[in-house]
Every structure is written in C-alpha cells, then in structure tokens.
Amino acid sequence: MPEGHVLLRLANEITATFAGQPVRVSSPQGKFATAAQLLDGRELVGAESAGKHLFINFGRGDLIHIHLGLIGRLDFAPLAEPIGQVRLRIDNGVTSADLRGATTCRLITEPERAEILARLGPDPLRVDSVPDSAWTRIRTSNRPIGELLMDQSVVSGVGNVYRAEVLFRQRIHPLRPGKLLRRKQFQAIWEDLVGLMQEGVRLGRIDTVLPEHTPESMGRDPRVDDHGGEVYVYRRAGLECFRCGSIVKTENLAGRNSFWCPNCQRKRSSWQG
DNA sequence: CCTCTATGGCGAA
DNA sequence: TCGCCCTAGAGGC
C-alpha cells in the first residue's frame with residue numbers, strides 16, 4: 001500500500017485518533033518490546049510523514065520511526081485481541097493501530113529524525129518542499145528518469161505507481177536520461193505529482209485517469225486492481241492504452257516493473273535507450 | 001496445500 | 001545484480 005500519500009494519511013489518522021492522550025504501546029510479536037515498554041502510558045504528541053517515512057512523536061525527543069517497506073501495513077480497528085504478527089500496537093482503550101510487516105520500526109531521537117529528513121529529496125506532499133534540488137540532480141544525471149523518480153534522495157514519496165502514471169501523463173518515456181529532460185518537462189512532472197498525490201491523500205487511492213478516459217466516458221469496464229485506483233499504465237502490460245489503443249509495455253527498471261505506452265511515450269532519436 | 005506477486009529498500013557480492 | 005526482510009491475498013493443484 002505504501003507510497004507517500006498513504007504515509008501522510010496514516011500520520012493524519014494517528015494524530016486525529018491519539019494525539020494529546022496517554023496511550024498504551026505494546027509489541028505483541030515482541031520485536032519492539034523494549035522500546036514499547038519505555039513508551040507505554042506516555043502521551044502521544046503527534047505524527048508526521050516525510051516521503052515514505054512515518055514518525056510518531058512521544059515528546060522528550062523520543063520518536064518511533066516506521067518504514068512500511070513493500071509489504072508493511074498499519075491498520076486501525078476497534079480494540080480487540082491482536083491477530084497474527086503485530087510488531088507494534090498503539091491503543092487508547094477504544095481504538096488500536098497495529099503495525100505488521102514493516103521494514104523499519106525503531107525508537108529514535110530528534111537528531112536522528114533530522115538526519116533522515118536531510119537525506120530525502122523534496123516531497124511533493126509537503127508544502128515546504130522546493131523542487132530545485134531534484135531538478136539539479138535530474139538535469140545532470142545519465143540515469144533514466146524512471147529510475148530517478150524512484151530514488152528517494154531525488155524526490156521522496158513517489159513509488160512505482162506514481163512513477164508510471166506521471167510519466168504517462170507527461171508523455172515521457174521512462175528510459176529517457178535525466179539530462180535530456182527539459183526544465184519545463186520537469187516542472188510539469190513536479191506539478192502533476194503534487195496534484196496527483198494530494199488527490200491520493202484525499203481519496204485514499206491512486207487515480208490518474210483524465211475525465212475523457214474514465215470508464216464512464218469511454219464506455220469501458222472499470223478497472224479492477226489490488227491497489228483500487230483507476231490508472232493508465234500501471235500493471236496494465238499487454239492491455240490497450242486508454243488514450244491511443246497501443247499495447248502497454250513493461251520492463252524492469254531500478255528493480256521494479258515499469259509500465260509505459262510505446263506510442264504515447266516515445267523514445268527520441270537524440271538518444272538510444 | 002502450494003507458489004507467485006506486491007505501491008520498498010538495504011547490504012553483500 | 002541479487003538475496004533478504006516480512007505479510008497478505010490471489011490463484012493453481
């Protein structure tokens with residue numbers, strides 16, 4: 001589930017549910033037991049996301065740092081016996097938030113939080129983000145744009161779905177080297193990411209399809225996919241492009257499956273990809 | 001029952 | 001580049 005919009009939603013939900021109250025902190029599965037004991041009964045001050053990182057603040061410089069990785073999840077539910085492997089549980093006697101499968105769950109200090117933020121590129125979901133540093137990295141790089149967008153030190157919070165979709169919407173081939181992008185193209189990518197990801201936070205899913213290509217306006221069946229959103233190319237390899245009818249292609253890029261339309265996103269003659 | 005895949009990322013070769 | 005972390009759901013047998 002986890003691209004940046006999910007983490008911001010989780011941060012907001014933690015704050016809305018628990019902030020300003022003393023909470024129980026436990027580790028039914030045991031891997032976070034020592035830290036949980038230290039935090040148990042303390043007031044939860046609030047939560048914040050940065051890129052795909054989540055920070056839960058307990059004051060006095062103590063924070064829980066969570067990274068969900070590929071398969072991690074944080075589920076809210078009415079308080080009940082934990083089911084399965086719950087590494088971290090926060091509850092207020094009424095509602096519980098259970099963490100499972102996360103890559104990272106550890107107790108950190110305020111300076112450690114600052115270090116993590118410092119190595120992240122600008123996050124399209126943070127109002128204080130300035131995209132200039134991302135542009136500098138991209139315009140001087142030989143690496144493909146589809147790889148650069150997944151590099152959290154270039155842009156943070158973007159994952160495999162937003163990468164595929166923003167490049168489709170901007171009609172840029174994922175293998176195009178960063179240094180061959182024009183400033184206007186990067187500006188368009190950034191602004192599109194800001195809008196798409198804000199919409200993702202609002203809806204809790206990734207929708208990227210323009211009004212003229214929705215199932216209703218095209219008379220096609222709505223797309224059904226695990227991630228629950230309506231998208232142009234992500235995980236649509238072998239199917240027809242909603243815009244031009246060409247067959248969507250896929251190829252591994254930066255260790256992940258990348259998807260694009262070979263007609264809408266042309267390779268240019270000025271480089272060989 | 002089994003295998004495969006998944007919106008990530010780290011560290012060892 | 002590859003294996004690994006770790007969980008859940010889908011699909012095959």
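Letters A, B, ... mirror the listed sequences (proteins, then strands); counts begin at 1.
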side-chain hydrogen bond (donor to acceptor under 3.5 Å, both in side chains) partners of [X], counting only residues at least two apart:
X      : value
A/R143 : A/E147, A/D151
A/T208 : A/E165
A/T109 : A/E112

Tell me the interatomic distance from [X], atom [atom1], to [N], atom [atom2], rounded to whole angstroms.
X      : N     : atom1 : atom2 : value
A/L193 : B/dT7 : CG    : C1'   : 14 Å
A/Q85  : C/dT7 : CD    : C1'   : 9 Å
A/L10  : B/dT7 : CG    : C1'   : 13 Å
A/I66  : B/dG8 : CD1   : C1'   : 15 Å
A/R87  : C/dC5 : CZ    : C1'   : 9 Å
A/D98  : C/dA8 : CG    : C1'   : 15 Å
A/R73  : C/dT7 : CZ    : P     : 12 Å
A/E3   : B/dG8 : CD    : C1'   : 10 Å

Ignoring backbone atoms, test whether [X] places a side-chain nitrogen or oxygen under 4.0 Å from the OP1 or OP2 oxygen of [N].
X      : N     : result
A/K52  : B/dT7 : no
A/R256 : B/dT7 : yes
A/Y234 : B/dT7 : yes
A/H5   : B/dT7 : no

Closest heavy-atom contact between A/K52 and A/V158?
-> NZ-O, 3.0 Å

ILVMFWY network linking [X] to [Y], side-chain heavy atoms under 4.5 angstrom:
X      : Y      : value
A/M197 : A/L117 : no
A/L125 : A/I189 : yes
A/L39  : A/V86  : no

Of all of residues 100-116 of chain A, which get a heavy atom below 4.0 angstrom from DNA chain C, listed by number?
-> A/R100, A/G101

Counting only non-hydrogen atoms, which of residues 148-160 of chain A are less than 4.0 Å from DNA chain C?
-> none

Distances under 3.5 Å between protein N/O atoms and the N/O atoms of nucleotides 1-3 of chain C, please, pair by pair.
none

Distance alone, cut at 3.5 Å: any donor-acceptor contact between the side chains of [X] and [Y]?
X      : Y      : result
A/N160 : A/R163 : yes
A/T214 : A/S217 : yes
A/N57  : A/E48  : no

With respect to the side chain of [X], which nucleotide from [options] is positioned closest?
X      : options             : value
A/N257 : C/dC5, B/dA6, C/dT7 : B/dA6
A/Q29  : C/dC5, C/dT7, B/dT7 : C/dT7
A/R235 : C/dT7, B/dT7, B/dA6 : B/dA6

For nucleotides C/dA8 and B/dC10, find the distance between their P atoms and express it as a whole number of Å.
-> 23 Å

For B/dG9 and C/dG9, measure between their P atoms and round to the nearest Å.
-> 22 Å

Residues in salt bridge (charged side-chain N to carboxylate O under 4.0 Å, His left out) with A/R42, at least two apart?
-> A/D62

Any N/O pairs under 3.5 Å between the protein and nucleotides 11-13 of chain B? List them or say none.
none

Is A/R163 touching bases, backbone alone, or none of the nucleic acid, heavy atoms closer than 4.0 Å?
-> nothing

Can you give me every donor-acceptor pair (side chain of residues 100-107 of chain A, partner residue at least two apart or in another chain, under 3.5 Å) with its distance?
from, atom 1, to, atom 2, distance (Å)
A/R100, NE, A/I83, O, 3.3
A/R100, NH2, A/I83, O, 2.3
A/R106, NE, A/H65, ND1, 3.3

Kindly write out the residues that satisfy ring pair (Phe, Tyr, Trp, His ring centres under 6.0 Å) with A/F259, not counting sequence neighbours, or none if the list is empty.
-> A/Y234

Which residues satisfy the ring pair (Phe, Tyr, Trp, His ring centres under 6.0 Å) test with A/Y232, sequence neighbours excluded?
-> A/F168, A/H213

The side chain to side chain contact (heavy atoms under 4.5 Å, CB included) partners of A/R119 (sequence neighbours excluded) come to A/H53, A/I116

